[in-house]
Every structure is written in structure tokens, then in C-alpha cells.
Trainee: 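Structure below; questions to follow.
All figures in this text were calculated on a predicted structure; none of them were measured in a lab.
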Amino acid sequence: MHDDLIDAVDWAIAQGIADPKRVGFFGGSYGGYSALMAATKTPDVFACIVDLFGISNLVTFMATIPPYWGPWISVWKNRLGDPDTEAGRAFLVERSPLTHIDRAIKPILIAQGLRDVRVVAAESEQMVNALKQRGIPVTYVTFADEGHGFVRPENRLAFYGVTEAFLAKHLGGRCQPIGNDFAGSSLKVETGAELVPGLRG
């Protein structure tokens, strides 16, 4: 999967569409996992990373799969790896972004809905803590009233306001000042407010 994404980046650069020094990665859910893989597998390719409720550790993720996904657990174990077996667990560990945290070097924005039962907040929190311990620039924002995705428009707008400022700082280009973008939103800056222009804790 990641090789395909890198091939796409290489193609866009070769075609003159993308500036190799200004390529960012943005993903949510499985795309968030992809974003964290980009941060830890090919850190030199991307100038910055945006992860929205992404999986950081496949072992802990599978341990917190919600009950209503029960019928799929056997399928997941077959396709991803069975954490109940030594071989399966090793496979999952190797493919978890958190395992390769020592490779992360680029600024990361991570967002999480605290009511998420699909990718629980611990997935983001363990990534944020590991990045902070290594001194990697990380901004972490949470939404107390959101789950796996944004239901409230106010929260969506607040997140995009932060994201626009973050991307403008690391990729260049214009952005509208954050201003009143948080009006009516539950957005809370857990860490790294000073790393995004106009963001307040």
C-alpha cells in the first residue's frame, strides 16, 4: 500500500505537478494509519503529516475493536495477522507506525474524537507521547463530542482551520488566519499550540 503511494508521489514530481520539497500527507482512519506510516517509513518524502484518528499500533488497535465488529474479527485476523499467535503478533508489530517511531522527523498534526470507538483515543495518545519523548514537533487536538469522524460542522471547520494554518507553515502558500474558526467547537489543544500559527491552547 505505501509503495503505491510513494509511486504516486514520484510520478507527480516527475510530471512537474508537485514540488518534491513541498509534499504533505493527510489521512483519516485507515488514511490516518497511512499518514503515520509515511511519517515513520519514508520520513524524507513528506514535509509534514496530518493524521486524523489513525491507527498507531495494530496490536492495541485489534485489542480494542468494538463489539459490533465481532463478525469481522476472524476476517481481520486472517487478513492482517492474528495477535493471538506469535507470528501474527510479530507481523502486526512490524507494520505498526509506533514500532518505527525512531524514524519520525517531520512535524505532525494529530486530531482525535474522544468518543471514537473504532480507533480509540489511546491510538493517538501513544503516538503523541512517543513523538514528544523524541522531541518531534507534534500538535495534538481533540474533540470531546466527536467519534470516528466529524458530525458537528463547527468541529469540522475548527479542524480545517488548524490544518490550513499547519499546512501553510510547512508547505507554504496562503491561509486565512484562524480567528473565530473555533466558535461553537469542542476543539481542545492538548499539546503543540505554539507550533501552529494563530493556534491558542
Trainee: Would you say Glu154 and Phe143 make side-chain contact, with heavy atoms under 4.5 Å?
Mentor: no
Trainee: Taking CG in Asn180 as the centre, count heavy atoms belonging to other residues, nucleotides or ligands within less than 6.0 Å. Is the count above 12?
Mentor: no
Trainee: Is there a donor in the side chain of Glu94 and an acceptor in the side chain of Thr99, or the other way round, less than 3.5 Å apart?
Mentor: no
Trainee: Where the side chain of Arg134 meets the backbone of Ile101, is there a donor-acceptor pair that is under 3.5 Å apart?
Mentor: yes
Trainee: Between Phe182 and Val162, is any pair of side-chain heavy atoms under 4.5 Å apart?
Mentor: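 With C-beta onward as the side chain, the pair touches.
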Trainee: Where the side chain of Asn129 meets the backbone of Glu125, is there a donor-acceptor pair that is under 3.5 Å apart?
Mentor: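 Side chain of Asn129 to backbone of Glu125, a donor-acceptor pair under 3.5 Å: yes, one is there.
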Trainee: So do the side chains of Gln112 and Tyr140 get within less than 4.5 Å of each other, counting heavy atoms only?
Mentor: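 Yes - at least one pair of side-chain heavy atoms lies under 4.5 Å apart.
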Trainee: Could you tell me which non-hydrogen atom of Arg22 sits nearest to which non-hydrogen atom of Gly173, and how far apart they are?
Mentor: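 Nearest heavy atoms, Arg22 then Gly173: NH1-N, 4.4 Å.
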Trainee: Checking Arg152 side chain against Gly184 main chain: does a donor-acceptor pair fall under 3.5 Å?
Mentor: yes
Trainee: Should Phe46 and Lys106 count as side-chain neighbours, where that means a heavy-atom distance under 4.5 Å?
Mentor: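 When only atoms from C-beta onward are counted, Lys106 and Phe46 do not touch, as no gap falls below 4.5 Å.
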Trainee: I'd like to know if the side chain of Thr139 reaches the main chain of Gly192, judged simply by a donor and an acceptor atom lying under 3.5 Å from each other, with no hydrogens or angles considered.
Mentor: yes
Trainee: Determine whether Pro107 and Leu195 make a side-chain contact, defined as any pair of heavy atoms from C-beta on separated by less than 4.5 Å.
Mentor: no
Trainee: Tell me if a side-chain donor or acceptor on Glu123 pairs with a main-chain N or O of Asn57 at a distance below 3.5 Å.
Mentor: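 Here the side-chain-to-backbone pair exists.
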Trainee: Measure the shortest side-chain to side-chain distance between Val119 and Tyr33 over non-hydrogen atoms and say whether it is less than 4.5 angstrom.
Mentor: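 Counting from C-beta outward, Val119 and Tyr33 never come under 4.5 Å.
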Trainee: Would you mind reporting whether Phe166 and Leu199 have side-chain heavy atoms less than 4.5 Å apart?
Mentor: no
Trainee: Tell me whether Ser56 contacts the main-chain N or O of Leu98 through its side chain, where contact means a donor paired with an acceptor under 3.5 Å.
Mentor: no
Trainee: Could you tell me if the side chain of Leu157 sits less than 4.5 Å from the side chain of Ser185, heavy atoms only?
Mentor: no
